[in-house]
Amino acid sequence: MQVSFIVLAAGQGTRMNSDLPKVLHPLASAPLLHHALTAGQSLDPTHIVVVTGHGAEAVAKATRNFDDGVSCVVQEPQLGTAHAVAQAAPLLGDVAGEAIVLYADTPFIRPETLNAMLEARARHAVVVLGFHAKEPGRYGRLIAEGETLARITEWKDATEVERAITLCNSGVVCAEAKTLFSLIAEVGNANAAGEYYLTDIVEIARRRGLSAGVVLCDEAETLGINTRSQLAEAEAAFQARARAEALENGVTLTAPETVFFALDTHVGRDALIGPNVIFGPGVTVESGAEIKGFCHLEGCHISRGATVGPFARLRPGAELAEDVHVGNFVEIKNAILDEGVKVGHLSYIGDADVGEGTNIGAGTVTCNYDGVMKHRTRIGRHAFIGSDTMLVAPVVIGDGAMTGSGSVITEDVPAAAVALARARQVNKPDLATRLFERLRAVKASKHKDS
Ligand code: UD1
Ligand code: CA
């Protein structure tokens with residue numbers, strides 16, 4: 001079945017009290033907008049159109065970061081939800097198949113729910129996603145009999161009797177694209193808000209002899225973000241669900257409540273995640289890898305059998321092959337560590353390639369930045385980098401080579417060679433004793449003076 005999405009994202013979000021457009025506030029390390037886009041994307045749609053308004057440029061940029069296939073249309077001024085959907089007509093008016101309207105500030109709609117709406121389209125021309133609200137507040141009310149919907153009344157326009165109804169409108173609507181735009185063309189703005197209400201399409205459809213229906217979902221699924229407090233609530237809800245899913249999928253979390261996932265985190269079966277691990281965007285952890293406590297991971301890939309941490313930081317472009325070991329207080333950025341590489345302690349490996357089986361000693365630093373440009377360090381297979389080696393990039397260390405501890409390596413090291421780049425050691429017999437005596441005498445004389 002062909003389906004397209006229209007994602008409404010033009011609103012200002014006044015109650016966030018923010019310079020940032022509401023839909024760009026982060027939820028699970030992704031812009032709020034990406035959550036609705038992810039739900040839509042999972043149905044393999046032919047088109048996704050985002051309706052932007054406030055902060056249009058920034059919102060468009062965030063949609064491109066999600067997928068360049070997503071189009072944006074600008075709604076200016078914002079005259080209501082029907083007016084917002086109408087902006088997509090030039091792009092979707094002639095598109096075959098179904099159209100589903102989503103809200104960019106409603107992050108938790110599940111793909112299963114969207115599929116249930118598409119199925120309900122076999123019975124109804126217009127399908128609305130509804131829910132039973134604990135506190136119906138100012139939600140639009142669904143005037144329905146069983147699955148059949150007569151109309152939707154906005155709170156502002158509702159009578160006391162209608163306001164007592166607890167079946168509410170989530171805002172998500174599904175219809176054949178052609179039908180949707182034709183219904184919207186008929187929506188007026190003679191209501192309490194003076195807005196073009198998307199909700200009016202139900203009554204218009206019924207007048208045309210088309211049928212309208214309700215699909216129900218859980219209230220938690222339609223949680224909309226209007227305030228920072230709701231954003232924090234949503235974060236907690238997301239994390240609770242992500243932790244439960246990870247456990248369900250066979251991931252061990254020693255202290256689930258202390259682990260934070262991102263929208264796009266992938267963790268394989270039998271991976272082990274210790275306490276206080278934070279996943280930023282773009283992390284994949286393969287089956288059987290272990291992330292010990294207090295690690296920060298972002299934009300990285302950790303293969304089977306690798307161990308990371310405790311207290312490690314993997315930044316974008318960190319690629320750990322199978323059985324790599326990254327230990328405590330190690331930072332890896334934009335670097336490929338081949339199979340079995342060990343970086344045990346206190347190191348910075350940035351803009352580097354490290355060959356299979358190489359051991360990187362404690363305190364090693366790839367000096368990748370000259371103050372203006374970044375440079376790459378290439379280390380071969382089965383090399384041994386001595387503790388406290390400074391690798392001043394660009395530099396190449398050959399296969400099976402060694403560097404002496406404390407070396408500052410500025411020139412390439414051939415395969416199988418040892419590079420020593422430090423001052424030669426000199427021992428002065430008995431000098432320490434004489435120095436101690438002299439210093440103690442100085443201290444004693446000072447003591448007498450004061
Ligand atoms: C809307 C529904 C209401 C439903 C509620 C669920 C209408 C008329 N009412 O009310 O029945 O219970 O959502 O949350 O549809 N937007 C635009 N352009 C506009 C107006 C809105 O893009 O001109 C976007 C907003 O950014 C927001 C969404 O559409 O993401 C909903 O708009 P909002 O003004 O919050 O509608 P509600 O009054 O909450
Ligand atoms: Ca709203």
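Remember, it's 1-based here, ligands and their atoms both numbered in the order they're listed.
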(message) Any donor-acceptor pair under 3.5 Å linking the side-chain atoms of Asp351 with those of Tyr369?
(response) no
(request) For ligand 1, note which part of His83 has a heavy atom under 4.0 Å away: side chain, backbone, both or neither. (result) neither
(message) Give the atom numbers and elements of ligand 1 that come within less than 4.0 Å of a heavy atom of Thr81.
(response) 7 (C), 8 (C), 15 (O), 20 (C), 21 (C), 29 (O), 31 (C), 32 (O)
(request) List every atom of ligand 1 that sits less than 4.0 Å from any heavy atom of Ser170, numbering the atoms from 1 in the order shown and giving each element. (result) 6 (C)
(message) Give the atom numbers and elements of ligand 1 that come within less than 4.0 Å of a heavy atom of Gly140.
(response) 3 (C), 4 (C), 11 (O), 12 (O)
(message) Give the atom numbers and elements of ligand 1 that come within less than 4.0 Å of a heavy atom of Gly11.
(response) 22 (O), 25 (C), 26 (O)
(request) Give a yes or no on whether the backbone of Phe261 and the side-chain of Gln239 come within a donor-acceptor separation of less than 3.5 Å. (result) yes
(message) Any heavy atom of Asp105 closer to ligand 1 than 4.0 angstrom?
(response) yes
(request) Verify, without hydrogens or angle tests, whether His47 (side chain) and Leu91 (backbone) share a donor-acceptor contact under 3.5 angstrom. (result) no
(request) Could you name the option among Glu76, Glu195, Glu154 that has the heavy atom nearest to atom 2 (C) of ligand 1? (result) Glu154
(message) Can you tell whether the side chains of Glu322 and Arg304 come within less than 4.0 Å, N to carboxylate O?
(response) no
(message) One residue to check: Asn226. Relative to ligand 1, which of side chain, backbone, both or neither has a non-hydrogen atom less than 4.0 Å away?
(response) neither
(request) Examine ligand 1 and decide if any of its atoms is less than 4.0 Å from a heavy atom belonging to Cys168. (result) no
(request) With heavy atoms only and a cut-off of under 4.0 Å, state how Arg138 meets ligand 1: side chain, backbone, both or neither. (result) neither
(message) Please check this pair: side chain of Thr377 against backbone of Gly350, looking for a donor-acceptor N/O pair closer than 3.5 Å.
(response) no
(request) Tell me yes or no: between the side chains of Thr389 and Thr364, is some donor less than 3.5 Å from an acceptor? (result) no
(request) Indicate, as side chain, backbone, both or neither, the part of Ala10 found under 4.0 angstrom from ligand 1 when only non-hydrogen atoms are considered. (result) both
(message) Checking the side chain of Arg378 only, and the main-chain atoms of Pro394 only, is there a donor and an acceptor separated by less than 3.5 Å?
(response) no
(message) Need the ligand 1 atom indices (1-based, order shown) with element for anything under 4.0 Å from a heavy-atom of Ala84.
(response) 17 (C), 18 (N), 22 (O)
(message) Please check whether Gly80 reaches ligand 1 - meaning an N/O of the residue sits under 3.5 Å from an N/O of the ligand, judged on distance alone.
(response) yes
(request) Select the closest option to atom 1 (C) of ligand 1 among Tyr196, Trp155, Tyr103, Tyr197, judged by heavy-atom distance. (result) Tyr103
(message) For Asn191 and Glu154, which I'm curious about, is there any donor-acceptor pair between the side chains at under 3.5 Å?
(response) no
(request) Please check if the side chain of Arg313 supplies one atom and the backbone of Phe311 the other of a donor-acceptor pair under 3.5 Å. (result) no
(message) Using a plain distance cutoff, I'd like to know if Thr199 has any nitrogen or oxygen under 3.5 Å from a nitrogen or oxygen of ligand 1.
(response) no
(message) Given 3.5 Å as the limit, does a donor-acceptor pair link the side chain of Asn249 with the main chain of Val251, or not?
(response) no
(request) Say whether, by atom type as modelled, one donor and one acceptor occur between the side chain of Glu186 and the main chain of Ser182 under 3.5 angstrom. (result) no
(request) Give the atoms of ligand 1, by number and element, whose distance to some non-hydrogen atom of Leu8 is under 4.0 Å. (result) 22 (O), 24 (C), 29 (O), 30 (O)
(request) Answer side chain, backbone, both or neither: which part of Ala82 comes under 4.0 Å from ligand 1, heavy atoms only. (result) neither
(message) In this structure, does ligand 1 have an atom that sits under 4.0 Å from one of the heavy atoms of Gly53?
(response) no
